[in-house]
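All of these numbers come straight from a predicted model, not from anything done at the bench. What you see below is based on every heavy atom in this structure, not just the backbone, and it leaves out hydrogens, waters and symmetry mates.
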Amino acid sequence: MIRSILACATLLLCAACASAPKPAGSWISFATLEPGLPTNRYLACNPSICEAAGNTGDALVFASAATDVAAALVRLQPDAEQRTLPNGDIQLRYVAVTPIARFRDDVDVLIRPTGPDTSQVAVYSRSRIGLSDLGKNKSRVEALAKQLDAELAG
């Protein structure tokens with residue numbers, strides 16, 4: 001009996017890992033994210049975007065138009081969902097899957113045009129399960145910044 005249960009659980013887990021991941025829930029509002037994030041999340045955002053969040057990691061700044069930054073992010077994350085907000089901000093979201101354990105983490109990105117050729121990017125990365133991410137979400141945001149720099153430079 002226990003073997004049957006374990007076999008079914010294994011099949012369900014394999015099916016979940018093989019399926020195309022989709023972001024969980026509805027689009028987030030960066031303006032209403034609150035301070036005191038759990039230890040399994042990371043937010044890089046300035047108070048001008050994340051008004052209620054208090055002190056967080058700094059937002060990313062690029063010497064590129066918001067549309068160019070969004071296009072670069074889509075090249076890096078082809079499954080990202082994208083929408084443009086009425087104020088001109090571009091919001092994207094996607095699911096990052098950890099390589100070994102195949103945990104699914106949600107990543108939301110807000111790109112705010114700050115000039116014709118400049119933009120500010122807020123990133124909110126969070127684990128779906130667990131009490132701690134062992135720094136994975138922060139390292140993901142830092143890696144994304146480097147990848148975007150390289151993508152926009154080349």
Side-chain angles (χ1 to χ4, degrees), residues 9-34 37-46 48-51 53 56-154:
T10 302
L11 286 173
L12 286 172
L13 182 61
C14 289
C17 291
S19 63
K22 294 288 182 191
S26 58
W27 293 89
I28 66 161
S29 168
F30 278 84
T32 60
L33 289 176
E34 295 183 7
L37 296 173
T39 57
N40 66 346
R41 300 164 187 240
Y42 184 75
L43 175 63
C45 192
N46 288 342
S48 62
I49 295 174
C50 300
E51 301 158 8
T56 66
D58 289 333
L60 314 176
V61 177
F62 295 99
S64 296
T67 53
D68 294 340
V69 176
L73 182 56
V74 168
R75 286 192 298 275
L76 294 169
Q77 296 294 332
D79 292 333
E81 294 180 24
Q82 180 177 336
R83 71 177 185 167
T84 302
L85 302 175
N87 68 352
D89 289 352
I90 301 170
Q91 195 169 7
L92 298 101
R93 65 185 192 160
Y94 62 94
V95 175
V97 180
T98 61
I100 296 171
R102 309 290 298 162
F103 293 125
R104 294 176 181 179
D105 300 336
D106 294 313
V107 181
D108 282 85
V109 179
L110 184 125
I111 305 167
R112 175 161 291 167
T114 54
D117 293 320
T118 57
S119 54
Q120 194 175 84
V121 178
V123 184
Y124 182 41
S125 179
R126 62 214 177 275
S127 302
R128 290 186 183 180
I129 60 171
L131 299 176
S132 175
D133 66 358
L134 304 174
K136 180 60 183 166
N137 286 299
K138 182 177 182 180
S139 67
R140 177 180 294 120
V141 171
E142 291 168 347
L144 178 62
K146 289 178 183 176
Q147 291 170 333
L148 283 171
D149 273 335
E151 189 71 26
L152 291 166

Residues two or more places apart in sequence or in another chain: which of them pass side-chain hydrogen bond (donor to acceptor under 3.5 Å, both in side chains) with Ser139?
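Not a single residue meets the side-chain hydrogen bond (donor to acceptor under 3.5 Å, both in side chains) criterion with Ser139.
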Step by step, work out the side chain to side chain contact (heavy atoms under 4.5 Å, CB included) result for Val107 and Tyr94.
CA-CA 5 Å; Val107 181; Tyr94 62 94; 3.5 Å; yes
Between [X] and [Y], which heavy-atom pair has the shortest distance, and what is it?
X	Y	result
Pro116	Ala65	O-CB, 3.5 Å
Asp58	Ala44	O-CB, 3.4 Å
Gly25	Arg93	O-NH1, 2.8 Å
Phe30	Cys45	CD2-SG, 4.4 Å
Ser64	Ser119	O-OG, 2.9 Å
Tyr124	Arg41	OH-NH1, 2.8 Å

With rounding to the nearest 0.5 Å, note down the distance linking [atom1] in [X] to [atom2] in [Y].
X	Y	atom1	atom2	answer
Arg83	Ile90	CZ	CD1	12.0 Å
Asp108	Ile28	CG	CD1	4.0 Å
Ser125	Glu142	OG	CD	11.0 Å
Asn137	Arg140	CG	CZ	5.0 Å
Ile111	Thr67	CD1	OG1	9.0 Å
Leu43	Arg126	CG	CZ	10.0 Å

Can we say Asp105 and Lys136 salt-bridge, meaning some charged N sits less than 4.0 Å from an Asp/Glu carboxylate O?
no
Would Asp68 and Asp117 satisfy side chain to side chain contact (heavy atoms under 4.5 Å, CB included), going step by step from the backbone distance to the final call?
CA-CA 9 Å; Asp68 294 340; Asp117 293 320; 5.8 Å; no
Could you work out, with side chain to side chain contact (heavy atoms under 4.5 Å, CB included) as the rule, every residue matching Ala59, not counting sequence neighbours?
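If we apply the side chain to side chain contact (heavy atoms under 4.5 Å, CB included) test to Ala59, skipping adjacent residues, the hits are Asn46, Gln120.
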Please assess Asp106 against Arg128 for the test salt bridge (charged side-chain N to carboxylate O under 4.0 Å, His left out), listing each intermediate value before the final yes or no.
CA-CA 7 Å; Asp106 294 313; Arg128 290 186 183 180; 2.9 Å; yes
Heavy-atom distance under 4.5 Å between the side chains of Leu85 and Leu110, does that happen here?
yes
So do the side chains of Val95 and Asp79 get within less than 4.5 Å of each other, counting heavy atoms only?
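Contact flag for Val95/Asp79 side chains = no.
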Could you walk me through whether Asp89 and Arg112 satisfy the salt bridge (charged side-chain N to carboxylate O under 4.0 Å, His left out) test, starting with their C-alpha distance in whole Å, then the side-chain angles of each, then the deciding distance to 0.1 Å, before giving a yes or no?
CA-CA 5 Å; Asp89 289 352; Arg112 175 161 291 167; 2.7 Å; yes
Between Val69 and Leu152, is the side chain to side chain contact (heavy atoms under 4.5 Å, CB included) condition met? List the steps.
CA-CA 7 Å; Val69 176; Leu152 291 166; 4.0 Å; yes
